[in-house]
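Report on the following structure.
Proteins come first, then strands; the chains are lettered A, B, ... in the order of their sequence lines, and each starts at number 1.
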Amino acid sequence: MVNLGFSIGDLHFKNPVLTASGTFGYGSEFDDFINVSRLGGIVLKGTTLEPREGNLYPRMAETPSGMLNAVGLQNKGIDYFEEHIYPRVINYDTNVIVNINGSYIEDYIALAERVNKLKKIRAIELNISCPNVKMGGMVFGTNLDSSREVTREVRSVYSGKLIVKLSPNVTNIVDFARVVEEEGADSVSLINTLLGMSVDVAKMKPSLSTVTGGLSGPAIKPVALRMVWQVANAVKIPVIGIGGIMSASDALEFILAGASAIQVGTASFIDPQSSVKILEGIESYLLLKGFSDITEITGFINRTT
Amino acid sequence: MVNLGFSIGDLHFKNPVLTASGTFGYGSEFDDFINVSRLGGIVLKGTTLEPREGNLYPRMAETPSGMLNAVGLQNKGIDYFEEHIYPRVINYDTNVIVNINGSYIEDYIALAERVNKLKKIRAIELNISCPNVKMGGMVFGTNLDSSREVTREVRSVYSGKLIVKLSPNVTNIVDFARVVEEEGADSVSLINTLLGMSVDVAKMKPSLSTVTGGLSGPAIKPVALRMVWQVANAVKIPVIGIGGIMSASDALEFILAGASAIQVGTASFIDPQSSVKILEGIESYLLLKGFSDITEITGFINRTT
Amino acid sequence: MAKRIDDLKVIGNKRLNNDFFILELFAGTNIADFKPGQFAQVRIDGSKETFLRRPVSIHDVDYENNTFKILIQIVGKGTKMLSGLAEGDLLNIIYPLGNWFTLPEKTEKVLLVGGGCGIAPLLFLARYFKFNGFIPDILLGFRNNARIIEFEEYSKIGNVFITTEDGSVGEKGYVTSHSVFSTQKYDRICCCGPETMMKALAAYSKNRNIICEVSLENLMACGIGACLCCIVDTVKGNICTCTDGPVFNVNDLKW
Amino acid sequence: MAKRIDDLKVIGNKRLNNDFFILELFAGTNIADFKPGQFAQVRIDGSKETFLRRPVSIHDVDYENNTFKILIQIVGKGTKMLSGLAEGDLLNIIYPLGNWFTLPEKTEKVLLVGGGCGIAPLLFLARYFKFNGFIPDILLGFRNNARIIEFEEYSKIGNVFITTEDGSVGEKGYVTSHSVFSTQKYDRICCCGPETMMKALAAYSKNRNIICEVSLENLMACGIGACLCCIVDTVKGNICTCTDGPVFNVNDLKW
Ligand SMILES: Cc1cc2nc3c(=O)[nH]c(=O)nc-3n(C[C@H](O)[C@H](O)[C@H](O)COP(=O)(O)OP(=O)(O)OC[C@H]3O[C@@H](n4cnc5c(N)ncnc54)[C@H](O)[C@@H]3O)c2cc1C
Ligand SMILES: Cc1cc2nc3c(=O)[nH]c(=O)nc-3n(C[C@H](O)[C@H](O)[C@H](O)COP(=O)(O)OP(=O)(O)OC[C@H]3O[C@@H](n4cnc5c(N)ncnc54)[C@H](O)[C@@H]3O)c2cc1C
Ligand SMILES: Cc1cc2nc3c(=O)[nH]c(=O)nc-3n(C[C@H](O)[C@H](O)[C@H](O)COP(=O)(O)O)c2cc1C
Ligand SMILES: Cc1cc2nc3c(=O)[nH]c(=O)nc-3n(C[C@H](O)[C@H](O)[C@H](O)COP(=O)(O)O)c2cc1C
Ligand code: FES
Ligand code: FES
């Protein structure tokens with residue numbers, strides 16, 4: 001038996017495989033395919049204070065080894081969440097994390113306060129990196145001062161574990177990781193999508209209604225991995241790696257580079273069982289290589305190079 | 001017949017298909033496969049003042065729909081270039097562009113002065129975006145002040161066309177494009193590679209000797225396209241699109257988004273004939289769609305959205 | 001109805017014409033309970049450009065032999081790949097997905113209308129209606145002779161009417177201009193095809209108070225309600241084509 | 001010698017054992033002029049993970065029938081894909097690339113040494129040497145019985161010696177420990193195989209003033225000298241394995 005667990009402060013995760021916000025619905029979409037409770041955690045679809053309709057169709061385009069999305073945080077708002085989703089989702093025997101989003105700092109604060117009262121939610125992921133909304137989102141995550149301020153304010157009202165999700169669309173992601181660490185974040189997760197675009201050459205117009213959208217999938221893995229490696233070498237809090245993870249081998253790249261855990265995103269669209277397969281693959285790898293605890297390989301490449 | 005030509009100031013290019021620096025050697029590597037003179041232009045391998053040995057092996061790793069490289073500007077220096085390469089390369093009946101690189105501003109200036117004397121070279125590409133060297137390169141291209149300064153200084157000594165090659169590893173590439181335009185650049189080319197990384201999970205170590213490297217190929221196309229679209233809408237000088245262009249359709253995405261020309265990079269490794277195939281494909285498309293001049297479609301999507 | 005993910009064996013690949021082919025898949029003895037209008041998400045292997053699954057309708061189901069069929073039109077890289085599958089190959093598939101056409105509650109005269117690859121779900125739908133006592137009329141539209149797919153199976157179920165744009169078979173023109181609309185009076189129209197066609201039928205139906213259900217072909221990433229990419233703007237707001245659809249009553253759409 | 005890019009027809013795919021297979025390609029009547037040690041860059045279609053071409057050595061050339069062969073060891077996604085090629089399939093290939101083993105100028109006793117997939121270039125090399133009047137000894141190393149590839153063809157050319165790591169065939173151990181080195185005196189060794197093996201032979205040769213040429217298998221992107229990814233650190237600085245190699249005199253390497 002190998003120990004796959006890791007912790008953010010005193011919050012324990014039974015294994016390092018989480019699912020990424022916006023790619024795993026509220027878990028139930030996957031009940032027919034996997035036992036969601038086997039996962040280390042699930043991060044729910046991005047939630048806002050008020051209901052949001054998101055962007056116009058078309059919101060999606062396929063790209064080489066990836067996809068663009070411009071969903072734009074469509075969700076039914078926190079009231080609906082509390083009433084209809086929370087009671088259901090807490091039946092999973094895993095850490096359920098709410099991904100919170102806003103247009104103004106006040107939105108983030110109000111949301112964090114609301115989630116703070118949901119006793120079974122022990123962590124939030126502060127999304128300051130959504131590229132698909134006109135206001136808020138990435139605007140916070142690409143400005144150091146705003147990142148600092150929103151983290152500080154949310155920290156002051158939220159007593160659970162605070163994971164800040166970083167934007168890759170910046171010159172130096174390490175600066176952002178350091179700033180949110182200073183302001184009391186318990187963990188950072190990265191990366192959110194890269195801002196991208198595609199054109200329908202036959203129709204001579206942009207593929208997405210919003211012209212630009214967020215790029216995810218294997219295409220972004222090398223960039224994500226580089227950023228995770230940089231950040232893991234710069235902060236002390238646990239780093240959660242995200243970006244193009246399709247297989248256990250992909251996940252292990254992140255872990256070897258310094259990630260304490262990973263999130264499976266777009267992969268769940270291609271194979272709804274990928275998260276569990278990745279979990280099993282990580283375990284096999286550790287057994288094969290003769291390790292008994294995942295922490296023995298976390299950041300392994302940094303010890304030897 | 002369709003007109004495919006475009007110009008940077010008074011420098012005319014017979015068509016918009018160029019080859020990207022570092023992926024096309026000095027042209028002769030491709031003589032067996034294509035008639036290099038058919039192209040709109042070729043950008044030569046990055047040149048420095050002194051000879052450089054580049055980085056240690058391994059310098060390359062395959063990634064989903066892309067590759068990482070860490071060549072590190074290996075080249076024989078400007079003296080060798082003048083004596084051995086220049087006399088040969090000018091036999092091509094196309095625009096030959098020298099890609100210049102340095103560790104210090106003085107290097108760029110000295111190089112630009114040298115190239116200024118080579119009468120058959122009518123344009124340089126100022127590479128302030130190489131991610132694979134410890135000093136110079138991307139350090140210039142990710143700092144607005146340095147970008148401004150190096151462009152200004154090179155402009156003051158170089159009388160040919162000055163194309164500045166931008167780094168995608170920044171928060172807002174438009175700022176950089178505007179700054180170099182202000183300083184007298186005649187054109188901008190983008191993007192250089194995205195900083196990425198990969199880990200050899202079996203060997204438990206980074207795939208590249210330098211750990212991080214430059215990501216190129218179709219994987220980066222959506223990011224490149226987004227940046228080209230942003231920049232084309234912000235500057236008046238011609239924009240040259242680069243990044244993951246493998247087919248005429250890919251090239252047309254960039255042109256429809258606002259690029260006056262494109263460069264074919266990594267594609268030449270997969271198919272040494274891609275540049276010419278892309279050229280032919282662009283021509284067919286214009287004929288099919290009933291256009292007689294490429295400028296009719298340059299930035300087409302910006303006119304309708 | 002639990003969704004499944006399976007590697008199903010291809011037991012037949014029949015080319016209908018230049019553009020259309022039918023894959024027959026063996027579903028095993030515990031074959032799923034399919035409803036007409038539902039679809040599947042098939043995985044495309046073997047191309048660098050096809051990252052996502054491709055949605056395809058359930059074309060026909062044979063509960064006796066535990067097989068089902070999908071009818072595919074070759075339009076791009078993914079469908080091209082699928083056309084190369086041979087007997088014995090495995091196809092990774094998530095199914096059955098989405099909602100289905102509703103069964104009339106009382107006696108109704110039903111018309112099924114399909115255009116292009118939109119005819120795909122209609123065979124199973126026709127069978128299902130007939131099984132439940134409603135013999136439908138079936139109107140199929142094709143671009144021309146070369147695009148026609150065999151409609152023998154449909155003829156066994158109900159009256160079949162054909163249009164081609166060039167008049168080479170059946171009436172000339174679009175389905176929407178077929179004479180059947182002036183000679184017959186329908187209570188219900190079920191439709192799948194190009195959006196312009198469906199919109200025309202929706203307008204026609206609304207004007208006459210005919211119940212009209214259409215099957216939408218929105219771009220999908222996941223097919224299971226997880227990504228919110230496939231939304232359609234309805235009177236209830238943006239809802240998912242893959243879970244709340246693909247079949248919609250036209251009164252719910254903002255057409 | 002002009003490089004070419006062609007879609008060549010596969011006329012045979014012969015499986016040698018679990019890991020090795022030989023593809024035979026029809027090169028057309030204007031077959032290229034190959035030299036032993038040269039390689040080709042083959043395009044891998046049909047996998048999302050294989051973006052770059054794969055370099056493979058020219059294994060054998062048949063100028064009478066205008067065909068040539070490549071011998072491939074399945075190690076990952078690309079070689080797996082290639083193993084699935086069938087007669088009649090087309091393979092897109094850039095060839096012939098790189099330099100070649102040098103022919104002795106005077107009478108020399110020559111040993112060819114190959115390990116693993118490094119035996120690939122040796123058959124054509126052996127033929128070439130014999131044709132030019134040098135009958136080589138050939139020493140081949142395999143992990144075990146199961147990995148052995150048929151060496152009949154080699155035996156027709158010169159004396160063949162075998163080692164296996166488990167001793168199941170030939171002498172037990174690595175090629176470098178084979179008794180031939182104590183019983184014979186060679187003027188030249190040509191070698192292709194794992195780096196450790198080549199380094200050991202290089203050291204052996206240098207100590208005894210034996211001419212030693214090795215063929216390197218550096219990672220390549222372009223294969224034609226355009227990317228500078230495949231470099232090897234030599235006494236002349238960093239030079240390209242794909243154009244200045246793959247064959248190097250060990251005295252030029254910093255081993
Ligand atoms: C619920 C549903 C059921 C469908 N049923 C069938 C069916 O039974 N038979 C059939 O032939 N087709 C059906 N389609 C359409 C089919 O999914 C697309 O034709 C297919 O995805 C195209 O893939 P490709 O790789 O060949 O084309 P691509 O190379 O990806 O694109 C070629 C063209 O097809 C369009 N396209 C690409 N993906 C989709 C998509 N997911 N939905 C719609 N259009 C797309 C593109 O915009 C482009 O114009 C259905 C679609 C949906 C949403
Ligand atoms: C000049 C030259 C000649 C060669 N001749 C032959 C030959 O005749 N027969 C043969 O079987 N193999 C030969 N090789 C090695 C062959 O290129 C690799 O085994 C092949 O590229 C692996 O591809 P893959 O997709 O199966 O493996 P991948 O899935 O890409 O990787 C599997 C393993 O193979 C290694 N590998 C990947 N690409 C290369 C590469 N370009 N060069 C070396 N190792 C690599 C990886 O590091 C990894 O450990 C030669 C290599 C060179 C450079
Ligand atoms: C369709 C879609 C919707 C997403 N929605 C959200 C979201 O609501 N909140 C968020 O923080 N990230 C969102 N993301 C980003 C993912 O959580 C993840 O960071 C990104 O997709 C990179 O990982 P991947 O390559 O594994 O998908 C979304 C991604 C996709 C593809
Ligand atoms: C192996 C390699 C070497 C490169 N060397 C240079 C260089 O010397 N100078 C430069 O400006 N860009 C260099 N580049 C970047 C390319 O010119 C181009 O900007 C980048 O690869 C993106 O385009 P692509 O995706 O079409 O390859 C290099 C790229 C590769 C892959
Ligand atoms: S396709 Fe993902 S929600 Fe419908
Ligand atoms: S592989 Fe590109 S230079 Fe050798």
Structural part of Tyr57(B) lying under 4.5 Å from a heavy atom of chain D
both
Could you check, using the six-membered ring where one of them is a Trp, whether Phe140(B) and Tyr108(B) have ring centers closer than 6.0 angstrom?
yes
Considering residues at least two apart in sequence or located in another chain, which fulfil the side-chain hydrogen bond (donor to acceptor under 3.5 Å, both in side chains) criterion with Thr102(D)?
Arg188(D), Glu213(D)
For Asn238(D), is it the side chain, the backbone, both, or neither that has a heavy atom closer than 4.5 Å to a heavy atom of chain B?
both
Do Arg38(B) and Glu280(B) sit within salt-bridge range, that is, some charged N less than 4.0 Å from a carboxylate O?
yes
Could you list the donor-acceptor pairs under 3.5 angstrom formed by side chains in residues 31-38 of chain D, with sequence neighbours left out?
from: Gln38(D); atom 1: OE1; to: Lys35(D); atom 2: N; distance (Å): 2.8
from: Gln38(D); atom 1: NE2; to: Gly98(D); atom 2: O; distance (Å): 3.0

State whether Asp62(D) and Lys69(D) are salt-bridged, where the test is any N-O pair (Lys NZ or Arg NE/NH1/NH2 against Asp/Glu carboxylate O) under 4.0 Å.
no
So, Tyr95(D) versus Asp6(D): side-chain donor-acceptor pair below 3.5 Å or not?
yes
Using non-hydrogen atoms and a 4.5 Å limit, figure out which bit of Asn55(B) sits close to chain D: side chain, backbone, both or neither.
backbone
Would you say the side chains of Asn127(B) and Asn101(B) form a donor-acceptor pair under 3.5 Å?
yes
Contact class of Asn218(D) relative to chain B, heavy atoms under 4.5 angstrom:
both
Quick one: which of Pro51(B), Gly22(B), Ser65(B), Pro64(B) has the most heavy-atom pairs under 4.5 Å with chain D, could you say?
Ser65(B)
Most heavy-atom pairs under 4.5 Å with chain D, out of Ser28(B), Pro218(B), Gly72(B), belong to Pro218(B)
Give, as side chain, backbone, both or neither, the part of Thr63(B) having an atom under 4.5 angstrom from any heavy atom of chain D.
backbone
Between Phe30(B) and chain D, with a heavy-atom cut-off of 4.5 Å, which part of the residue counts as in contact: side chain, backbone, both or neither?
side chain
Between chain D and each of Pro272(B), Gly66(B), Ser268(B), count heavy-atom pairs under 4.5 Å; write down the option with the most.
Gly66(B)
